[in-house]
Number of protein chains: 4
Amino acid sequence: MRDVSLRADAARNRSSLLTAAVEVFAEQGADAPISAVAARAGLGKGTVFRHFPTKDDLIAAIVLDRVDRLTRLAAELIEAPDAGAAVLEFMRHAARQRQRLDLSFLAADLGVEVGEAQLRMSLAITALVDRARAEGALRADVTGTDVMLLMCVPNDVVKHVPDARPDLWERYLAILFDGLRPEGARPLPPF
Amino acid sequence: MRDVSLRADAARNRSSLLTAAVEVFAEQGADAPISAVAARAGLGKGTVFRHFPTKDDLIAAIVLDRVDRLTRLAAELIEAPDAGAAVLEFMRHAARQRQRLDLSFLAADLGVEVGEAQLRMSLAITALVDRARAEGALRADVTGTDVMLLMCVPNDVVKHVPDARPDLWERYLAILFDGLRPEGARPLPPF
Amino acid sequence: MRDVSLRADAARNRSSLLTAAVEVFAEQGADAPISAVAARAGLGKGTVFRHFPTKDDLIAAIVLDRVDRLTRLAAELIEAPDAGAAVLEFMRHAARQRQRLDLSFLAADLGVEVGEAQLRMSLAITALVDRARAEGALRADVTGTDVMLLMCVPNDVVKHVPDARPDLWERYLAILFDGLRPEGARPLPPF
Amino acid sequence: MRDVSLRADAARNRSSLLTAAVEVFAEQGADAPISAVAARAGLGKGTVFRHFPTKDDLIAAIVLDRVDRLTRLAAELIEAPDAGAAVLEFMRHAARQRQRLDLSFLAADLGVEVGEAQLRMSLAITALVDRARAEGALRADVTGTDVMLLMCVPNDVVKHVPDARPDLWERYLAILFDGLRPEGARPLPPF
DNA sequence: AATGAATGAGGGTTCATTCAT
DNA sequence: CATGAATGAACCCTCATTCAT
């Protein structure tokens, strides 16, 4: 009973830390000190290291969480009736994540676990995109990898606009998605 | 003549430093140590300081150079016969710069000089884009600011792909530019 | 009790650091490197920062300690039966502090806290001096401020004598105090 | 003819540098950068080192100048009719030098030349003081060394008073000199 | 002889990480 | 388990000094 409760505590702390880290890194960038994360979570600095032996581990955990979330989303959307709308919906979700951990969350050096998660996400997105393409909702020469690479663009772009309206990213998602549609598509350079 | 040669030495060093800094920052990110830049340039650490009193000054110099280059390019292209092709050419150039100092080079806190240069670039791009739009080469609801924000995307996107072919960015420029064309354009959310 | 012991450790270190800093600054001047202080205290460089976020904070802490000590001393001596002897005693104590942080500890830019402490000290000294003057133990035209400015002189003077006997400062305190006595006093230029 | 003019140039530069150094060190302290001295003198940094191979050499030169000046002054005053007034005059001169190179100009590690100059000054002052003491203008137990050590006190003391009237040092010279007079003198601790 | 560019040692400060309590 | 004190590597920056021009 006791260690159960302890584990509950630990799990709660781990979760607080992840939340705090996402916030802090979003606000201050990924080079924010660990102490800031600890403070935000209302915990001691040492506790962060108990849960994440390394700062990189903490970042990896954040990315893992995010990637898995997107994988699940893609898996759900695969059953949507309108595949094109599903891809758009997927990109909308990806872009909405107002986290400063931008495209770099695709970085290669985040450990095996994250790598595997990225692979799973890649497969799920590819499935989604393949279906949309088959239905003619996307241009013929676009792949799941393309979508994966592009999905953060709206958010990234907007990050550098001071005082932007919070939904400005939708504008760039729209432009981008128009570029993914079959209408008026010109042949793409190879991948 | 003599003091010219003196300055020639210094100017060459300054230029070496800028080149080295672009390379190093591209490889390691903008938080690479100044000493790495100095080493790459084959110069002493103190020499960097002599030319750029602050690391921020160094970064600002890089950005200033890049921005001014783009401004000049836009100014030249304004006279091109095909305005749409000119915008594409402009974006191609912007995307080709293999520098990790990505979109963030639009950041606000780089000093007045850079701010003014950014404004000049913004005006030049807007002129270019306005003309292309007037000719029907771009969708009716796209602005110079949009292009300015999007021009680095191809490069940014590709940076996270390990072992990518060096011209992969062209693929994403093509997608993006298709999104900027009038064909199949659906109305955009406001800026 | 336990966290008391934790704090006891930290407090001991803080105190070691202050002691070490006083010694090192006395020997090498206030521009001695922080690392020297740390080494003298047998602690890591970072520990100094933990306790005193800035070198100036460390200096301010030393000065604050010294000023408060003198304020307490003056407050005690105000009840002494012989006010003239009390002032002499006070100056003796002030001069005895073998610290190279000499008169400059009256410098203005040490932060509010030190400023307030200096004010308190000033008031306490003035009270002491006023009483002594009223009793005829000091010349009529001397003020607390004068004493405050002069109290470090014996120590300062002696610091430049190589191989001086350790109590040489008493000689100059005697001369100085004779100058503060009413006997043979000639009118002073104004403050 | 030419190298004569060159030497004249050099001598003028040397003198400019000394003046500039005195000013700069007085304003910013002795840790002011050499470049500040060079700038003040309107010369290049390298020229400073041509004249004074080391910063310490520059400081030594300043001190040497000052010490010799005081030696000459003492030598002149030895012939004054009123020996007591002569000592006071001497101290007045010493105190008037508004230079931040305070008492520390007695420091031991300034090189042989300065050491010898200090010795000469010491002898000259001692002669002056001995005569004044013999005439009963100074207390019987005061020595030339005492005066040498005390002569900078007025200036030192005042340096720490913000917004002091420029002649405030006279006040402390008066107090000090009253302490050196025979009236009311109490026996001194030994040297 | 003068200049100022180049150098690199050294100082203050930050922060990931370890560890005693 | 949690805490936060201690640590030291690493960074930016300053400046005395050297040296090519």
Side-chain angles (χ1 to χ4, degrees), chain A residues 2-3 6-7 9-10 13 31-39 43-58, chain B residues 1-14 31-36 38 41-56 58, chain C residues 1-14 31-36 38 41-56 58, chain D residues 2-3 5-7 9-10 13 31-36 38-39 43-58:
Chain A
R2 176 183 282 174
D3 51 0
L6 278 181
R7 284 182 189 169
D9 249 34
N13 279 349
D31 29 339
I34 281 279
S35 60
V37 174
L43 293 171
K45 205 175 6 172
T47 308
V48 182
F49 284 90
R50 169 161 302 280
H51 288 280
F52 308 99
T54 284
K55 191 181 184 181
D56 284 348
D57 289 329
L58 172 56
Chain B
M1 213 62 149
R2 179 182 283 170
D3 50 359
V4 165
S5 81
L6 259 182
R7 285 177 193 162
D9 244 36
R12 194 176 328 132
N13 280 346
R14 195 192 131 99
D31 25 337
I34 279 267
S35 59
L43 292 171
K45 198 174 20 171
T47 307
V48 183
F49 170 73
R50 154 164 283 283
H51 287 279
F52 309 98
T54 287
K55 190 181 184 181
D56 283 349
L58 173 56
Chain C
M1 213 62 149
R2 178 182 285 171
D3 50 357
V4 166
S5 81
L6 259 181
R7 285 174 193 165
D9 244 35
R12 195 176 327 132
N13 280 344
R14 194 192 131 99
D31 27 336
I34 278 265
S35 59
L43 293 171
K45 196 171 25 168
T47 307
V48 183
F49 171 74
R50 155 163 282 283
H51 288 278
F52 307 99
T54 286
K55 191 180 185 183
D56 283 349
L58 173 56
Chain D
R2 177 183 282 169
D3 51 0
S5 79
L6 279 180
R7 282 183 191 167
D9 249 34
N13 279 350
D31 28 340
I34 280 279
S35 59
L43 293 171
K45 205 174 8 173
T47 307
V48 183
F49 284 91
R50 168 163 302 279
H51 287 279
F52 308 98
T54 284
K55 191 180 185 182
D56 284 348
D57 289 329
L58 172 56

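We name chains A, B, ... by the order of the sequence lines, and we start the count at 1 in each one.
Each of C:Ile34 and B:Arg14 has a nearest nucleotide on DNA chain E; the 5'-most of these lies closest to B:Arg14. Residue B:Leu43 is the one, among B:Leu43 and A:Gly46, whose nearest nucleotide of DNA chain E lies closer to the 5' end (criterion: closest heavy atom). Between A:Gly44 and B:Pro33, it is A:Gly44 whose nearest contact on DNA chain F lies nearer the 5' terminus.
In this structure, CZ of D:Phe49 is placed 12 Å from C1' of E:dG4, rounded to the nearest angstrom. Per the geometry, CG belonging to A:Asp31 stands 13 Å off P belonging to F:dC11, to the nearest Å. Summarising the geometry, the separation between CZ on D:Phe52 and P on F:dA16 is reported as 15 Å, rounded to the nearest angstrom. Rounding to whole angstrom units, CG of residue C:Asp9 and P of F:dT3 are separated by 19 Å.
Contact check, C:Lys45 against F:dG8: no side-chain N or O comes under 4.0 Å of OP1 or OP2. Phosphate contact (OP1/OP2 of E:dA2, side-chain N/O of D:Asn13, threshold under 4.0 Å): present. Taking side-chain N and O atoms only, C:Thr47 has a distance below 4.0 Å to OP1 or OP2 of F:dT7. For D:Arg50, a side-chain nitrogen or oxygen approaches OP1 or OP2 of E:dA1 to under 4.0 Å.
Considering OG1 of D:Thr47 and CG of D:Asn13, their distance stands at 6.5 Å, rounded to 0.5 Å.
Searching all strands for a Watson-Crick or G-U wobble partner of E:dA1 with both distances below 3.5 Å returns nothing. Pairing partner, E:dT21: F:dA2, with both Watson-Crick or wobble hydrogen-bond distances short of 3.5 Å. The nucleotide F:dT14 finds its pairing partner in E:dA9, both defining distances of the Watson-Crick or G-U wobble pair being shorter than 3.5 Å.
Of all non-hydrogen atoms in D:Ala10 and D:His51, the two that sit nearest each other are O-CE1, 3.3 Å. The minimum heavy-atom distance linking B:Lys45 with B:Ser35 is given by the pair CD-CB, 4.2 Å.
Distance from the side chain of C:Thr54 is smallest for E:dT13 among the nucleotides F:dA16, E:dT17, E:dT13. Out of F:dT14, F:dC13, F:dT17, the shortest distance to the side chain of D:Lys55 is found at F:dT17.
Two residues are said to be in side-chain contact when any heavy atoms from C-beta on lie closer than 4.5 Å; C:Phe49 and C:Ile34 fail this criterion.
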